[in-house]
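Have a look at the structure below before the remarks.
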Amino acid sequence: MSTKISEKTIVSTLEKIEKLNLDEKLHADLSWCWNSYKYDGNPVGVKEKCAQALELFKAKRESNSKAVAKKLIEDLEKIVKA
């Protein structure tokens, strides 16, 4: 099954993790997985890290609804469910 993962969504996710100081390890892991995906086309690591970012963002949105855009959460859900 071919999975299309949006570079824009990944870049936005990385920027948001960094801006909100959420999880440096997740930022590094997602960045590594994204570069690996661009090389080999295997989405497993990217999907796993996006799922982790999604949970962080949902928790952050509960405490501050303006911290993370709803669109970014929806885009991450598409990647995770694909």
Side-chain angles (χ1 to χ4, degrees):
M1 180 172 95
S2 177
T3 304
K4 174 138 175 48
I5 297 177
S6 164
E7 180 171 7
K8 182 179 182 220
T9 301
I10 300 300
V11 170
S12 295
T13 300
L14 289 168
E15 289 172 351
K16 188 57 72 171
I17 290 170
E18 187 173 8
K19 181 178 179 185
L20 296 176
N21 270 339
L22 290 178
D23 187 337
E24 286 182 28
K25 181 169 178 8
L26 177 59
H27 184 280
D29 289 348
L30 179 56
S31 179
W32 187 90
C33 288
W34 172 244
N35 286 312
S36 174
Y37 169 75
K38 290 192 297 187
Y39 176 75
D40 65 16
N42 184 344
V44 174
V46 174
K47 287 177 143 187
E48 181 182 311
K49 297 305 170 187
C50 283
Q52 292 175 10
L54 180 60
E55 292 307 311
L56 273 176
F57 289 169
K58 283 182 175 179
K60 191 67 175 173
R61 242 181 103 77
E62 283 183 23
S63 64
N64 179 358
S65 64
K66 295 184 183 215
V68 181
K70 183 179 177 186
K71 171 88 169 102
L72 181 55
I73 288 178
E74 290 169 352
D75 290 345
L76 283 172
E77 287 173 338
K78 288 177 191 173
I79 290 172
V80 172
K81 292 178 182 174

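Keep in mind the model is a prediction, meaning the values are calculated, not measured.
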* Structure fact -> Here the gap from Leu72 atom CG to Lys8 atom NZ, rounded to the nearest 0.5 Å, amounts to 9.5 Å
* **Reported CD1-to-NZ distance for the pair Ile79 and Lys81, which is rounded to 0.5 angstrom** => 12.5 Å
* Asked: Side chains of Cys50 and Ile10: closer than 4.5 Å at any heavy-atom pair?
  -> yes
* Please tell me if the side chains of Ser31 and Leu14 come closer than 4.5 Å, counting only heavy atoms from C-beta onward. => yes
* Check whether any side-chain heavy atom of Leu56 lies under 4.5 Å from a side-chain heavy atom of Lys60, and answer yes or no. => no
* Heavy atoms, side chains only, cut-off 4.5 Å: are Glu77 and Lys58 in contact? -> yes
* Sub-3.5 Å donor-acceptor pair from the side chain of Lys16 to the main-chain atoms of Ala67, do we have one? -> yes
* To the nearest 0.5 Å, how far apart are NZ in Lys49 and NZ in Lys25? -> 5.5 Å
* Asked: If we only count heavy atoms from C-beta on, is the Val68 to Leu20 side-chain gap below 4.5 Å?
  -> yes
* Asp75 versus Thr13: any side-chain heavy-atom pair under 4.5 Å? -> no
* Nearest-0.5 Å distance, OG of residue Ser36 to CG of residue Asp29 -> 12.0 Å
* So how far is it from Ile5 CD1 to Lys78 NZ, rounded to the nearest 0.5 Å? -> 13.5 Å
* Asked: Got a second to check how far Leu54's CG is from Lys47's NZ, nearest 0.5 Å?
  -> 13.5 Å
* Flag side-chain contact, heavy atom, 4.5 Å: Val44 against Tyr37 -> no
* Asked: Of all heavy-atom pairs between Val46 and Leu30, which one has the smallest distance, and what is that distance?
  -> O-CD1, 4.2 Å
